[in-house]
2 protein chains.
Amino acid sequence: MADRARTPRERYREQTRGEIKRSAVRRLAEGGVENVALLRIAKEIGLSGPALYRYFGSRDELLAELVTDAYQALADAVRAVDLGGGGRASLQALAAAYRAWALAQPHLYLLIQGTPVPGFEAPAETVERARAVLGPFLTVFAEGRPTPALEPLVAESAAWLREDAAVAAWVERWTGLAADAPGAAVALTGAVTAWPQTHGVVGLEAAGQFTGMGQRPATLLPLQMNLLADAFRLP
Amino acid sequence: MADRARTPRERYREQTRGEIKRSAVRRLAEGGVENVALLRIAKEIGLSGPALYRYFGSRDELLAELVTDAYQALADAVRAVDLGGGGRASLQALAAAYRAWALAQPHLYLLIQGTPVPGFEAPAETVERARAVLGPFLTVFAEGRPTPALEPLVAESAAWLREDAAVAAWVERWTGLAADAPGAAVALTGAVTAWPQTHGVVGLEAAGQFTGMGQRPATLLPLQMNLLADAFRLP
DNA sequence: TCACTTCAGTTATAGCATGTAACTGAAGTG
DNA sequence: CACTTCAGTTACATGCTATAACTGAAGTGA
């Protein structure tokens with residue numbers, strides 16, 4: 001935001017990159033990842049083939065940037081939720097926001113949470129991005145008082161907090177709790193449990209696997225979140 | 001099984017088809033779906049390019065058959081579970097079998113439950129296949145007595161049972177219950193809830209999204225199944 | 001102002017993929 | 001033994017990714 005329009009050249013470059021990405025996202029939405037072809041994108045924006053390689057080193061690089069952007073957008077959507085209510089109301093709101101974002105652009109969601117793009121695998125960075133999305137869940141679960149059944153998972157979370165300083169910092173940022181505070185491990189456990197549950201419903205829904213089923217994901221997801229809230233005794 | 005070796009020609013054809021599919025599956029496991037290239041498969045098994053089109057009309061057709069086979073294999077793996085124990089023990093066993101199959105061939109699992117192959121979408125058939133996988137879950141949840149929180153979803157299941165005869169038949173096959181028996185809707189609700197929860201954990205794990213996380217999916221999944229068993233008051 | 005650099009964009013080309021067409025020859029069939 | 005069926009071939013059309021070599025205009029410093 002600071003150095004937005006340094007030089008005309010850079011501004012133009014940034015604009016063209018954006019145009020390419022927007023075309024790519026549109027093609028992704030219309031025909032899946034196979035439809036994202038540099039040649040056709042180039043033709044669409046009035047360039048000829050190899051010109052795109054000035055802007056993206058390869059097709060995979062372009063896709064990787066779409067993934068990064070999508071994570072950012074999902075994180076923004078989740079962060080935009082007002083956690084004022086706290087407790088299970090906030091958890092419901094987070095899950096709903098997550099779902100709404102995913103269903104508004106199912107192809108993008110499947111791109112980031114579904115099958116990893118073959119060549120491209122950025123484990124470290126992916127984890128980082130996922131954490132940005134899960135942050136607000138930490139906040140909500142920090143006030144949880146888990147039932148005894150959750151004990152093994154809380155223990156694993158506590159161990160992780162002890163071993164990984166980056167995780168400890170992440171949890172502290174969203175909960176204000178130090179790594180050795182009992183609430184930290186609880187928050188971490190809640191987030192790491194809520195995430196696969198939400199993804200389970202949303203991922204199947206985005207992939208169209210619920211079509212033909214009689215139950216509505218809009219009923220199922222809140223219900224699962226409620227069960228989870230019960231397990232963590234959220235107010 | 002009946003007309004296995006009708007004519008030598010057909011037997012040869014079947015054998016070649018199998019060879020092609022095995023090569024495709026191997027390539028899928030090694031380099032993802034992009035690595036499944038007819039030309040390279042042909043070269044590998046000593047044929048030259050277009051010959052494969054005698055056996056599969058197109059690449060998509062080959063992939064579609066991989067999907068079908070994979071569903072079958074997953075259904076077999078789940079059906080092989082001994083439900084003698086009943087109750088939550090059986091639920092745990094089912095989820096564990098589902099997970100074990102998926103992790104033994106993550107690329108295949110992502111192929112059937114992840115991003116749908118672009119061109120190819122067979123909603124009706126896919127639903128059918130998914131049902132075959134979920135059958136044993138119905139059996140387990142038939143003896144459930146859901147907590148009041150599950151009421152809305154049970155109602156949706158009951159409505160679905162009333163409207164869709166095929167679903168009613170499916171449920172009856174796995175539970176022995178008629179569509180209007182209260183247990184039928186409960187079983188359906190349980191299966192349709194357990195499925196996304198299991199998929200949520202397994203899908204993320206297969207996609208490698210748990211690497212770098214401190215919690216082990218092997219801990220998380222049984223725990224979630226236990227919560228679910230509680231909600232259905234499984235013995 | 002003018003040489004010099006930087007860089008967007010071009011055409012040409014290599015390589016590999018899917019898929020079709022037309023042909024060849026051997027295995028099955030009445 | 002004529003005839004059909006069909007696996008497999010080569011040749012080719014098309015479309016994609018990616019690289020190489022060139023062109024020309026926009027920026028840059030003395």
Side-chain angles (χ1 to χ4, degrees), chain A residues 3-28 30-67 111 117-121, chain B residues 3-28 30-67 111 117-121:
Chain A
D3 44 15
R4 185 63 158 301
R6 268 185 48 198
T7 78
R9 256 191 189 170
E10 255 182 60
R11 185 163 41 186
Y12 176 71
R13 187 179 172 77
E14 215 44 48
Q15 187 193 314
T16 307
R17 276 179 66 94
E19 216 170 322
I20 293 169
K21 289 207 276 190
R22 253 168 290 138
S23 170
V25 167
R26 197 175 336 115
R27 305 187 95 81
L28 184 69
E30 278 163 14
V33 75
E34 316 250 298
N35 196 37
V36 180
L38 296 190
L39 251 176
R40 271 178 281 171
I41 293 175
K43 205 157 289 180
E44 181 180 319
I45 68 178
L47 290 181
S48 243
L52 290 212
Y53 288 83
R54 296 271 167 208
Y55 299 95
F56 296 93
S58 69
R59 180 174 177 267
D60 272 12
E61 206 175 285
L62 171 58
L63 288 177
E65 209 161 308
L66 292 192
V67 169
L111 186 68
V117 179
F120 154 80
E121 293 204 41
Chain B
D3 43 15
R4 186 66 158 298
R6 268 184 48 198
T7 78
R9 254 191 190 170
E10 256 183 59
R11 185 163 41 186
Y12 176 70
R13 185 180 173 77
E14 216 43 49
Q15 186 194 315
T16 308
R17 276 179 66 94
E19 217 170 323
I20 293 169
K21 289 207 277 190
R22 252 168 292 139
S23 171
V25 168
R26 197 174 336 115
R27 305 187 95 80
L28 184 69
E30 279 163 13
V33 76
E34 315 250 298
N35 196 36
V36 180
L38 296 190
L39 251 177
R40 270 177 282 170
I41 292 175
K43 205 157 287 179
E44 181 180 320
I45 68 178
L47 289 181
S48 243
L52 290 211
Y53 288 84
R54 295 272 167 210
Y55 298 96
F56 296 92
S58 68
R59 178 174 179 267
D60 272 11
E61 206 176 285
L62 170 59
L63 288 177
E65 210 162 306
L66 292 192
V67 169
L111 186 68
V117 178
F120 154 79
E121 292 205 41

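Throughout, protein chains are lettered first and strands after them, A, B, ... in sequence-line order, and every chain is numbered starting at 1. Bear in mind the structure is a predicted one, so any value in this text is a computation, not a measurement.
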State whether the side chain of A/Arg54 and the backbone N or O of A/Arg13 hold a donor-acceptor pair below 3.5 Å, judged by distance alone.
no
Roughly, in whole Å, what's the span from CZ in A/Arg59 to P in C/dA17?
15 Å
Give, for atom CZ of B/Arg59 and atom OH of B/Tyr53, the distance between the pair rounded to the nearest 0.5 Å.
9.5 Å
Would you tell me if any nitrogen or oxygen in the side chain of A/Arg9 comes within less than 4.0 Å of OP1 or OP2 on C/dC7?
no
Tell me the interatomic distance from A/Glu10, atom CD, to C/dT6, atom C1', rounded to whole angstroms.
13 Å
Mind checking the CD1-CG spacing from B/Ile20 to B/Leu66? Nearest 0.5 Å is all I need.
11.0 Å
A/Phe56 CZ to C/dC7 P: how many Å, rounded?
17 Å
For the pair B/Lys43 and B/Arg40, evaluate side chain to side chain contact (heavy atoms under 4.5 Å, CB included) and give the outcome as yes or no after the intermediate values.
CA-CA 5 Å; B/Lys43 205 157 287 179; B/Arg40 270 177 282 170; 5.5 Å; no
Starting from C1' on D/dA20, measure out to OH on A/Tyr53 and report it in whole angstrom.
14 Å
To the nearest angstrom, the CZ-P distance between B/Arg11 and C/dA27 comes to 15 Å
Under 4.0 Å, heavy atoms only, any strand: does B/Leu39 hit a base, just the sugar-phosphate, or nothing?
base
Check the pair A/Asn35 / A/Leu28 against side chain to side chain contact (heavy atoms under 4.5 Å, CB included), numbers first and verdict last.
CA-CA 6 Å; A/Asn35 196 37; A/Leu28 184 69; over 6 Å; no
To the nearest 0.5 Å, what is the distance between OG on A/Ser58 and CG on A/Leu52?
11.5 Å
What does the B/S/- profile of nucleotides 8-14 of chain D look like, 5' to 3', with a 4.0 Å heavy-atom cutoff to protein?
BBBB---
For B/Glu61 and C/dT18, what is the distance between atoms CD and P respectively, to the nearest whole Å?
14 Å
Any side-chain to backbone donor/acceptor pair from B/Ser23 onto B/Glu19? Under 3.5 Å, distance only.
no
Find the partner of C/dA27: check Watson-Crick (N1-N3 plus N6-O4 or O6-N4) and G-U wobble (N1-O2, O6-N3) distances, both under 3.5 Å, and reply none if neither fits.
D/dT4
Whole-Å distance, B/Leu52 CG to D/dC6 C1', equals 15 Å
Could you tell me the separation between the CD atom of B/Glu34 and the P atom of C/dA17, rounded to a whole number of Å?
12 Å
Verify the contact: side-chain N or O of A/Arg13 to OP1 or OP2 of C/dC7, cut-off strictly under 4.0 Å; return yes or no.
no
